[in-house]
2 protein chains.
Amino acid sequence: MNLTEAIKRPTLHEELVDRLRNLVVEDALKPGEKVPEKELCESFGVSRTPLREALKVLASEGFVVLQANRGARVATVTRQELENTFPVIARLEQLAGELACDHMDAAAVAKVEARHQEMVQAYQARDRQAYFQANQEIHQALIRGANNDILEGHHKLLAARVRRARFMVNLSDERWAEAIDEHERMMQKLRARDADGLGQLMKLHMMNKFAAHIKAIDDRSDNLGEG
Amino acid sequence: MNLTEAIKRPTLHEELVDRLRNLVVEDALKPGEKVPEKELCESFGVSRTPLREALKVLASEGFVVLQANRGARVATVTRQELENTFPVIARLEQLAGELACDHMDAAAVAKVEARHQEMVQAYQARDRQAYFQANQEIHQALIRGANNDILEGHHKLLAARVRRARFMVNLSDERWAEAIDEHERMMQKLRARDADGLGQLMKLHMMNKFAAHIKAIDDRSDNLGEG
DNA sequence: TGACTGAATTATGAATTCATAATTACGTTT
DNA sequence: AAACGTAATTATGAATTCATAATTCAGTCA
C-alpha cells in the first residue's frame, strides 16, 4: 500500500474548465449565445488569460465554437449532430456493458441493484427528477464498472454534449415504461454475467432512447409548423 | 449554390495545436520529456500565451500531462492505456464499417478499391512504408465514408494517441499476411454492401492488429529481461 | 426616411509583465 | 565527504498591457 498518495488539488485551469462546461451543460449559457468573457472573468474573479485557456479547451471538446476575432459562442447541438452522436454513445455503452460483466465485483453489482430498485420506485411514484438521477447513476456505474479510463472519458464527453437535449423533451409515459423494462432485462444479464447479452441490450436501450428523443423533437417541430 | 463561402484561414491557435500535436505524434517530442516552452516559442515565433493555450488543449486530448507549477510533459502511453484504447477504436471502426456500407457512393468505394490494390502491391514488394501509407488511407476513407463527424473526430483522436506505438514495433511477416487477408475480406463485404459483415470484420481486424502489437511489445520486453 | 460612410468605441488575440513556486547552486555542519 | 539548509536562479501561472479587428453610432446624402 502506498501512503504517499499524490496531493490532488484542482488547478485553477481545471476548475475553470469544469465550471464553464457546467454552465453550458446545465443550460445557464444558452446555445448560440456569445460567451461573455468580461462578465465571466468578474464572476469567477480571474483574468482573461486563464478563462480564455479554458475556452480553447471547451472548443476542442465541442461545447463552444471559436470565431476568429469574434470570440466564442455556445455551440448549438443540431439534429444532425444528435443523430451522429447517438450511435457512437450506443457502441461505447455496448462495450461498457460487456466489460462491466467481466470486471465488476459483487459489491459493485449490488450497488447497481440498489440504484435499480430506487429507479423503479421513482418510476412507480412518477418522480421524473429521482428517475433521471437514478438512471444516470446506473449508467455511470456500468461505465465505471468497465474499468476503462479511455472508454469512460470519451463516453463522458459525448454524454455531456447531448445532455442538454434532455432539457428540451419530455419523457413519454409509453417510452418510460419501455425504458424500465429494458433496464430490468439489463439487470438480468448483469446478474447472469452475460457480457454479450448486456452489451446488446445496452446498445439497444440507447438506440431506443435516442429514437424516442428524436421522435419527440420531430413531433414538437410539427406542432410549431417547422416542417 | 453559395458563392460566398466562408474564408477558412486557420487561426494561430489551431495551427499551434496541430503543429504541437504532430511533434508528439511524430515522436519529435519523446514521451516523458518536459515540453520546452521557451524553445518552442522561439522556433514557432510566438509568445507563451498562445503556446500555453495550445498545451491546455493537448492536455485535454491526452497528448501531454500538466503538472501544477511544473509545466507540461509529453504523455507516456502505458501498456494499460493501449489495452484500454484498442477496444474502443475497434468498436468505432465497427460502427464506421456499418455506416460506410450504407453511405459510400460508388466513386468512394472505387477509391478504396484503388488504395486496396496499391496496398496489396506494396505488400508483394514488401514495401512497409508504402503499405502503412495505403493502409492508413483505406481506414481513413472508410471512417470518412461513414459520414459521421462525431465518430470521425473521436476516432482520429484515439488513433493519433496510439499511432506513436507504431514506431515501437515491427510488423511480423505472419501478421502482415493475415492483415492482407483480412483486408481482402473487408473489401468483399464492402462490395457486397454487407454492413454488419464489414463492421464485424473491421472490429476483428483491429483486435487482431492490436493483439499482434501487444504480443510484439511483450516479446521485446522478454528479450530485455523486463518480465 | 433609409441606406451608406467613417469615426468612436468595444472586444479580441497575443505579447509582456509580475508574483510566486520550483529548481539549482552553494555553503555549512557533522 | 555526505547531508542538510539557505540563497540565487529559473520556470510557471496569471494579470496586465498593447495592437488590431469588429462593432456601434452619429452624420451625410439620396
Side-chain angles (χ1 to χ4, degrees), chain A residues 4-24 28-76, chain B residues 4-24 28-76:
Chain A
T4 63
E5 195 169 326
I7 298 168
K8 177 65 180 177
R9 62 174 160 176
T11 67
L12 173 59
H13 169 71
E14 310 176 39
E15 187 73 14
L16 266 181
V17 171
D18 279 346
R19 301 273 292 271
L20 272 181
R21 195 194 293 110
N22 279 343
L23 288 184
V24 175
L29 291 171
K30 300 274 190 281
E33 270 184 9
K34 67 180 186 312
V35 179
E37 243 179 53
K38 212 163 195 174
E39 278 115 84
L40 290 173
C41 284
E42 286 169 16
S43 80
F44 286 136
V46 300
S47 75
R48 283 177 58 220
T49 304
L51 189 106
R52 302 185 88 259
E53 288 173 351
L55 283 177
K56 304 280 158 108
V57 171
L58 289 196
S60 89
E61 294 178 351
F63 292 102
V64 303
V65 288
L66 301 177
Q67 301 165 295
N69 294 317
R70 266 185 275 183
R73 287 186 173 278
V74 178
T76 57
Chain B
T4 62
E5 196 170 322
I7 298 168
K8 179 62 181 177
R9 58 175 165 176
T11 67
L12 173 58
H13 170 71
E14 309 176 39
E15 187 73 14
L16 266 182
V17 171
D18 279 348
R19 302 271 294 269
L20 272 180
R21 193 193 295 109
N22 279 343
L23 287 183
V24 175
L29 291 171
K30 300 273 192 283
E33 272 184 8
K34 67 178 186 311
V35 179
E37 243 179 55
K38 213 165 195 172
E39 277 116 84
L40 290 173
C41 284
E42 286 169 16
S43 79
F44 286 136
V46 299
S47 76
R48 282 177 59 220
T49 304
L51 189 108
R52 301 185 89 258
E53 287 173 351
L55 283 176
K56 303 281 158 100
V57 171
L58 288 195
S60 89
E61 293 179 351
F63 292 101
V64 304
V65 288
L66 302 177
Q67 302 166 296
N69 294 317
R70 266 185 274 182
R73 286 186 175 278
V74 179
T76 57

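Partner of Arg73(A) under the side chain to side chain contact (heavy atoms under 4.5 Å, CB included) criterion, chosen from Val65(A), Leu66(A), Val35(A): Val65(A).
Leu40(A) places a side-chain heavy atom less than 4.5 Å from the side chain of Leu23(A). Annotation: side chain of Val74(A) is not in contact with side chain of Phe63(A) (no heavy-atom distance under 4.5 Å). The shortest distance between side-chain heavy atoms of Arg48(A) and Cys41(A) falls below 4.5 Å.
Atoms CG (Leu12(A)) and C1' (dT20(C)) sit 14 Å apart, rounded to a whole Å. Between the P atom of dA22(C) and the CZ atom of Arg73(B) lies a distance of 14 Å, rounded to the nearest Å. Straight-line distance from the CD atom of Gln67(A) to the P atom of dA21(D): 17 Å, rounded to whole Å. Atom P of nucleotide dA21(D) and atom CG of Asn69(A) are separated by 7 Å, given to the nearest angstrom. If you measure from atom CG of Leu66(B) to atom P of dT12(D), you get 11 Å, rounded to the nearest angstrom. If you measure from atom NE2 of His13(A) to atom P of dA15(D), you get 14 Å, rounded to the nearest angstrom.
When distances are taken from the side chain of Thr49(B) to each of dT23(D), dA14(C), dA22(C), the shortest belongs to dA14(C).
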Side-chain atoms of residues 53-61 of chain B: list all donor-acceptor pairs with protein atoms under 3.5 Å, sequence neighbours left out, distances to 0.1 Å.
residue: Glu53(B); atom: OE1; partner: Lys56(A); partner atom: NZ; Å: 3.0
residue: Lys56(B); atom: NZ; partner: Glu53(A); partner atom: OE1; Å: 2.9
residue: Ser60(B); atom: OG; partner: Val57(B); partner atom: O; Å: 2.9
residue: Glu61(B); atom: OE1; partner: Arg21(B); partner atom: NE; Å: 2.9
residue: Glu61(B); atom: OE1; partner: Arg21(B); partner atom: NH2; Å: 3.2
residue: Glu61(B); atom: OE2; partner: Arg21(B); partner atom: NH2; Å: 3.0

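Remark: Arg70(B) is in phosphate contact with dT23(C), judged by side-chain N or O atoms under 4.0 Å from OP1 or OP2.
The stretch residues 37-48 of chain B comes close to DNA chain D through Lys38(B), Arg48(B), each having a heavy atom under 4.0 Å from the strand.
The distance from the CG atom of Leu29(A) to the CG atom of Leu20(A) is 7.5 Å, given to the nearest 0.5 Å.
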